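Reading through the C-alpha cells given below for one structure.
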Amino acid sequence: MKKFAIAFLACLAMVAVASFAAAQCPNLDGAWSTTTGTMIGGRASEAWCGAGYPVQAGVPGNTENAMSWDGSTLGTEWKAWGMQIDANGAVLISDTVVGGNGTLTYRTNYDGGQFWLTKDNTWADGLADLTGYMTSYVVFTTVTYWGGAPQGATSNISFTGTFSNCSGVNGCEIQFAIANAIKIWDTGYLVPMPVGYPGFLCSATQGELFDACCITVGINCVVDNDQPTWGSLKATYK
C-alpha cells in the first residue's frame, strides 16, 4: 500500500509537470486567419530609431510594435514587438519609376522580436498565454509614386517563430505567418498622429503607423500535445 501511495504521488507530480508544459504549448496544429474569422487583424507602428538626421524609414535599428485591434482595444488577442531592421537596412529590389510615376519595392530583414498569443483562442488550451521569439521577420514594401511624390505604401510581411516554454518539449513553432499592411501615417504628414495605435519603441518620437489585415498564422508541433489520462496513469502504478 505504501509503495502504491508513493507511486501515486509520483504520478501526480508527473501530471502536474505535464499539464504545466502543455499549458504553455499550442493546443493543436493548424492555421488561424482573419479571412476565416479565427483571429483578428491589427495595427502597427515602426519607430524611427536609426541613427542620423533626418531620421527616416528603412534605416537599421528602426523597430516595430504590432498588436491586434478589435475595433476599440489594442492587444487583446496577439502582440509582436521588438523587431529591428538589420544592418543592411531596406534594400531596393525593383524600380519602375519613369518620369516621376511608378513604384519602388524594398526588401527589409529584421532581427529579434517577440510575440504573445492569448490563451483565449483555440491555439491555446485556455490555461496559459503563449509566448515566444521570432526566428525570421521579412517585409516587402512597395511605395507608389505619382508626380515624383510618394502616394502610399503597402507591405507584405512574413515571419516564423518558436515558443519560449515549449520548443524543448513538443517542438512547436510558428511555421509561417503572413500579413498585409497599409501605411496610414508618418511623422512627415501634415496631420496629427492618429490615436489607437501601438506606441513607438526605443523612446522614439518619430515613425510610421500601419493597418494590418489579411493575417494568417500556421502553427506546427512535432510531438502531439495530448496527455495521458488518469485511468492510464493509475493502471500503470497498480
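Computed from a predicted structure; not experimentally measured.
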Please report the C-alpha distance between Tyr137 and Glu64 in whole Å, then the side-chain angles of each, then the deciding distance to 0.1 Å, and finally whether the side chain to side chain contact (heavy atoms under 4.5 Å, CB included) criterion is met.
-> CA-CA 11 Å; Tyr137 194 91; Glu64 285 206 13; 2.9 Å; yes
Using the side chain to side chain contact (heavy atoms under 4.5 Å, CB included) rule, take Leu209 and Met193 through it: C-alpha gap first, then chi angles, then the decisive distance, then the call.
-> CA-CA 9 Å; Leu209 300 178; Met193 179 177 176; 3.9 Å; yes
What's the verdict on side chain to side chain donor-acceptor pair (under 3.5 Å) for Trp123 and Thr38, showing C-alpha distance, side-chain angles and the deciding distance?
-> CA-CA 10 Å; Trp123 51 46; Thr38 50; over 6 Å; no
With side chain to side chain contact (heavy atoms under 4.5 Å, CB included) as the test, would you mind laying out the steps for Thr131 and Gln114 before giving the verdict?
-> CA-CA 8 Å; Thr131 60; Gln114 302 178 57; over 6 Å; no
Trace of the side chain to side chain donor-acceptor pair (under 3.5 Å) decision for Thr142 with Thr105 = CA-CA 4 Å; Thr142 298; Thr105 300; 3.1 Å; yes
Apply side chain to side chain contact (heavy atoms under 4.5 Å, CB included) to the pair Asn121 and Glu77, showing each step before the final yes or no.
-> CA-CA 8 Å; Asn121 199 348; Glu77 186 177 78; 3.5 Å; yes
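With hydrogens and angles ignored, the 3.5 Å screen pairs a side-chain donor or acceptor of Ser45 with a backbone N or O of Pro198. Not one N or O on the side chain of Ser136 forms a donor-acceptor pair closer than 3.5 Å with the backbone of Phe159. Arg43 contributes a side-chain N or O that, together with a main-chain N or O of Gly196, makes up a donor-acceptor pair within less than 3.5 Å. Judged purely by atom type and a 3.5 angstrom limit, Asp86 has no side-chain atom pairing as donor or acceptor with the backbone of Asp111.
To the nearest 0.5 Å, atom CZ of residue Phe140 and atom CD1 of residue Ile157 are 12.0 Å apart. Within the model, atoms CZ of Arg107 and CD1 of Ile93 stand 7.5 Å from one another, a figure rounded to the nearest 0.5 Å. Remark: Met83 CE to Thr108 OG1 distance equals 12.5 Å, nearest 0.5 Å.
Taking 4.5 Å as the limit, some side-chain heavy atom of Asn109 sits within range of a side-chain heavy atom of Val138. Between Glu46 and Ile85 there is a side-chain heavy-atom pair separated by less than 4.5 Å. The shortest side-chain heavy-atom distance between Thr216 and Cys214 does not fall under the 4.5 Å cut-off. Between Phe163 and Pro26, the closest side-chain pair of non-hydrogen atoms falls below 4.5 Å. Between Ile215 and Trp78, the closest side-chain pair of non-hydrogen atoms falls below 4.5 Å. For the pair Thr76 and Ile40, the minimum side-chain heavy-atom distance is below 4.5 Å.
A pairwise comparison of heavy atoms in Pro192 and Trp185 identifies O-NE1, 3.4 Å as the closest pair. Scanning both residues, Val143 and Tyr106, for their nearest heavy atoms gives CG2-CE1, 4.3 Å. Across all their heavy atoms, Asp129 and Lys119 have their closest contact at OD1-N, 2.8 Å. When all heavy atoms of Asp95 and Leu92 are compared, the closest pair comes out as CB-CD2, 4.4 Å. Tyr197 and Asp211 get closest at one heavy-atom pair: OH-OD1, 2.7 Å.
Between Cys166 and Cys172, the gamma sulfurs sit at a distance of 2.5 angstrom or greater. Sulfur-to-sulfur, Cys202 and Cys49 sit under 2.5 Å apart at their SG atoms.
More than 12 heavy-atom neighbours from other residues, nucleotides or ligands sit within 6.0 angstrom of CZ on Phe176.
A donor atom on one side chain and an acceptor atom on the other are not found under 3.5 Å apart for Thr162 and Thr135. Asn65 and Thr63 are not linked by any side-chain donor-acceptor pair at a separation below 3.5 angstrom, with hydrogens and angles left out of the test.
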